[in-house]
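Notes for the one structure printed next.
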Amino acid sequence: MSPRAIPLAAAFLVLAGCGSSATPPAPPAPAPTAAVTPPRAPMAPKEPDPGPALPPIPYEAKARRDPFTPLVIASGSKGLTIGSAKLVGIISGPQPLALVETPEGIGYILKAGDTLGDGRVTEIGADSVSFAVAPKPGEKAGIVTLRLRTD
């Protein structure tokens with residue numbers, strides 16, 4: 001046989017096997033079982049034993065505030081009052097800002113709606129800022145206006 005005849009014979013055998021009209025064999029029948037068992041429910045994993053109790057861990061403050069003690073919030077005469085602050089400057093623009101300083105020398109840059117001490121900024125003018133002051137027990141709410149000093 002020539003070398004060219006071998007691939008030709010292989011192709012003929014492959015093509016001859018593709019055109020068969022024989023039906024494929026039926027799948028094998030399942031093996032008969034004696035008893036049908038229902039499927040098992042999945043089992044939850046077993047919890048591990050808790051083991052020995054851990055000793056409590058003490059909190060060491062080391063000059064820090066204990067985070068579990070309640071805060072004492074200053075109110076009344078102890079906290080910042082608008083009457084004790086002074087207006088240092090006004091920054092005009094689309095949203096004017098007021099520069100306010102406390103008696104301790106701490107400065108704040110405030111816009112309308114900001115809160116400082118016992119008041120909330122309601123209006124910032126060209127040379128003044130107005131605060132709505134929270135009422136103290138037995139008093140009515142009021143408005144405090146701070147003006148720039150002109151000297």
Side-chain angles (χ1 to χ4, degrees), residues 7 10-11 13-15 17-20 22-151:
L13 290 174
V14 169
L15 290 175
C18 290
S20 108
T23 60
T33 58
V36 176
T37 57
R40 295 177 125 187
M43 294 180 56
K46 183 180 176 186
E47 290 291 324
D49 293 332
L54 297 175
I57 300 172
Y59 176 75
E60 297 174 11
K62 294 184 183 176
R64 294 177 295 197
R65 183 185 66 80
D66 184 358
F68 303 106
T69 58
L71 290 174
V72 178
I73 299 174
S75 63
S77 63
K78 293 180 184 178
L80 175 66
T81 60
I82 296 301
S84 65
K86 67 178 179 178
L87 181 62
V88 178
I90 299 285
I91 300 174
S92 59
Q95 182 177 13
L97 302 172
L99 307 175
V100 178
E101 187 176 309
T102 63
E104 294 83 25
I106 301 171
Y108 294 93
I109 301 172
L110 304 173
K111 65 182 181 307
D114 286 349
T115 305
L116 179 66
D118 61 348
R120 184 178 49 83
V121 178
T122 56
E123 181 183 3
I124 299 175
D127 64 344
S128 64
V129 61
S130 298
F131 291 88
V133 179
K136 294 183 176 119
E139 295 181 8
K140 291 194 290 185
I143 294 180
V144 174
T145 302
L146 301 178
R147 298 197 178 278
L148 277 174
R149 291 181 59 177
T150 56
D151 37 346

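It should be emphasised that the depicted structure is a prediction, and the values quoted were computed from it without experimental measurement.
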CD1 of I90 to CG of L97: how many Å apart, nearest 0.5 Å? 9.0 Å

Could you list the donor-acceptor pairs under 3.5 angstrom formed by side chains in residues 116-126, with sequence neighbours left out?
residue: D118; atom: OD1; partner: I82; partner atom: N; Å: 3.1
residue: T122; atom: OG1; partner: S130; partner atom: O; Å: 3.2

Below 3.5 Å, can you tabulate the donor-acceptor pairs from side chains in residues 104-114 to any protein atom, sequence neighbours excluded?
residue: E104; atom: OE1; partner: T102; partner atom: OG1; Å: 3.3
residue: K111; atom: NZ; partner: D114; partner atom: OD1; Å: 3.2
residue: D114; atom: OD2; partner: K111; partner atom: N; Å: 2.9

Between P96 and P94 the two heavy atoms that sit nearest each other are CD-O, 3.8 Å

To the closest 0.5 Å, what do you measure between CG (D127) and CZ (R147)? 6.0 Å

Enter the distance from S128:OG to L146:CG here, rounded to the nearest 0.5 Å. 9.0 Å

List the atom pairs, with distances to 0.1 Å, where a side-chain N or O of residues 46-54 and a protein N or O form a donor-acceptor pair under 3.5 Å, not counting sequence neighbours.
none

